[in-house]
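Take a look at the structure below.
Only this structure's heavy atoms are used, side chains among them; waters, hydrogens and symmetry mates stay out. From a predicted model like this one, the values you see are computed outputs, not experimental measurements. Both counts, for ligands and for their atoms, begin at 1 and track the order of listing. Residue numbers run from 1 in the order of the sequence given.
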Amino acid sequence: MKIVLLLLLCAAPAAAFIPEMVERLWPELTDKLDTFSGIAKIPYLSLINDDSSIDSNLLESMKQFGFFYVVDVPEYDASVEQDYMKAFFDLDDDVKDEIAIRRHNPANKNAYRGYCPGLDDVENTLQYKNLYNIGPHETRAPTYEHDDSDIYAKLRYDCMEPNVWPETGNCTFDKGFKETFQAGFEIRRNIGRAFIRSIARAMEYPNLPTLFTEDEFSAMGLRKYPIRKKINSNMYSDFDGTLLRELEHIDSTVTVLSTFNNEGLEVLYKNQYRTVPVTGENSFLVNIGKLVDDLIDNKVPAVRHRVAEVDFDRYSVTYFLGPQFDADISRSMTGKLTDAGQKYTIFGEWIKDYLGAIELFYY
Ligand SMILES: *[C@@H]1O[C@H](CO)[C@@H](O)[C@H](O)[C@H]1NC(C)=O
């Protein structure tokens, strides 16, 4: 009798202890088990229609894992996007050069939107990818007035660079491509904004959405990471030696990601990189980066992630939603000085430096 009682008393704590022990002794096994099975899967319509019953589930998932999925997107088929992407990157170089950023093709005006073929020194760098960048503007705003009282006028103007779209000579393709990614942009923008509203409700930060009423510089990137023909020493993780396709990093703003059925994405969870389920045909993955994390007082992790090396051309779509141009990013929702606030007041200043890396403002 005494023994039975003892067993009963021990059984409950032991049951809780076993997964932890498995995790410590056989981390690869835990990775295969469902580490991420508790991640929230939020239906698209509930999210964008501000159904507040999803808020706590979404916030819990963000707090625990640093991301969640948006599922059941009506009239959306990721494979159509991926097929168009493949066709785009397979176009002849002279067709793509027509819409290449001016750093690559000095005859062009576009500095940021459009095609960016990636680095020339392919074999010796890790960050090898082809990119095509789409934003929210189709037409150029009227030429900016030179106005000394508004030091941001030119910057604001530069930020609102219109899109450039491929002209292949095949009108069916060109129209289908443009319509597909304009629609895809809208879906991702809806998700980004609705996510901000949801966490604003859940965290009781009613002013958070007012920083996101405009999205002058939201950006959708179609990415192709080509198969690498040669491995170099820059491709190994400093963290655990894994061979990588994309370096370990955290993002800056709000990210809405499509990985299609392409494996490789890993996030850091409990001090270990673990495989993240793909977004497949009809879902998106949402996470936040450092800048937004600081705005909400670091109550949710800006999750560190990377892409492990895979043996195929890997396609993904990123969408980044930043605060509006004039948003004060120097203080968090509770008034604490943010990291960005040590150098910048408004988001426009921050984006200027960010874009400086690709020379937008130095022509
Ligand atoms: C034009 O594009 C459409 C849609 O992508 C494709 O089905 C068709 O085969 C293309 N036509 C030619 C002549 O390449």
Side-chain angles (χ1 to χ4, degrees), residues 44 70-105 107-118 122 128-140 161-192 218-229 245-246 255-265 278-285 307 310-320:
Y44 178 77
V70 175
V71 299
D72 302 337
V73 188
E75 293 173 56
Y76 172 74
D77 181 352
S79 64
V80 173
E81 286 187 343
Q82 189 178 237
D83 288 348
Y84 270 118
M85 280 172 75
K86 285 181 177 165
F88 172 79
F89 287 113
D90 282 345
L91 291 171
D92 288 343
D93 281 343
D94 56 343
V95 177
K96 287 182 287 189
D97 285 348
E98 287 289 314
I99 55 167
I101 58 170
R102 66 190 177 207
R103 188 182 55 171
H104 181 72
N105 182 353
N108 289 346
K109 288 207 177 78
N110 48 310
Y112 190 62
R113 309 305 183 189
Y115 176 59
C116 179
V122 166
Y128 179 39
K129 57 188 169 243
N130 306 137
L131 187 68
Y132 173 79
N133 188 304
I134 300 166
H137 304 287
E138 290 303 341
T139 50
R140 194 34 129 172
E161 186 178 300
N163 288 326
V164 287
W165 297 99
E167 289 176 14
T168 63
N170 178 340
C171 295
T172 314
F173 175 85
D174 294 354
K175 186 166 180 285
F177 181 90
K178 182 174 175 179
E179 286 175 359
T180 297
F181 290 111
Q182 283 179 327
F185 189 95
E186 261 335 287
I187 291 170
R188 290 165 173 90
R189 171 155 68 179
N190 288 341
I191 290 172
S218 65
M220 179 161 91
L222 316 189
R223 296 170 174 222
K224 174 182 178 179
Y225 297 85
I227 291 189
R228 307 194 53 118
K229 298 188 184 76
R245 185 67 69 95
E246 172 81 86
T255 305
V256 181
L257 177 71
S258 302
T259 59
F260 306 102
N261 287 310
N262 304 318
E263 303 277 348
L265 181 68
V278 296
T279 57
E281 303 301 324
N282 197 270
S283 72
F284 297 91
L285 187 158
V307 178
V310 287
D311 61 0
F312 51 86
D313 290 335
R314 187 172 181 278
Y315 296 85
S316 67
V317 176
T318 53
Y319 168 86
F320 301 120

Is there a donor-acceptor contact under 3.5 Å linking the side chains of Tyr115 and Asn105?
no
Ligand-side contact atoms (ligand 1) for residue partner Phe173, heavy atom cut-off under 4.0 Å:
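Within the 4.0 Å cut-off of Phe173, ligand 1 contributes 2 (O), 5 (O).
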List every atom of ligand 1 that sits less than 4.0 Å from any heavy atom of Asn170, numbering the atoms from 1 in the order shown and giving each element.
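Those qualifying, in numeric order: 1 (C), 2 (O), 3 (C), 8 (C), 10 (C), 11 (N), 12 (C), 14 (O).
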Please work out whether the ring planes of Tyr84 and Phe177 are parallel, tilted or perpendicular, with thresholds of 30° and 60°.
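The arrangement is perpendicular - the two ring planes meet at more than 60°.
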Does the plane of the ring in Tyr319 sit parallel, tilted or perpendicular to the ring in Phe185? Use 30° and 60° as the thresholds.
perpendicular
Does the protein put any heavy atom within less than 4.0 Å of atom 7 (O) of ligand 1?
no
Hey, is Arg102 close enough to Glu161 for a salt bridge, meaning N to O under 4.0 Å?
no
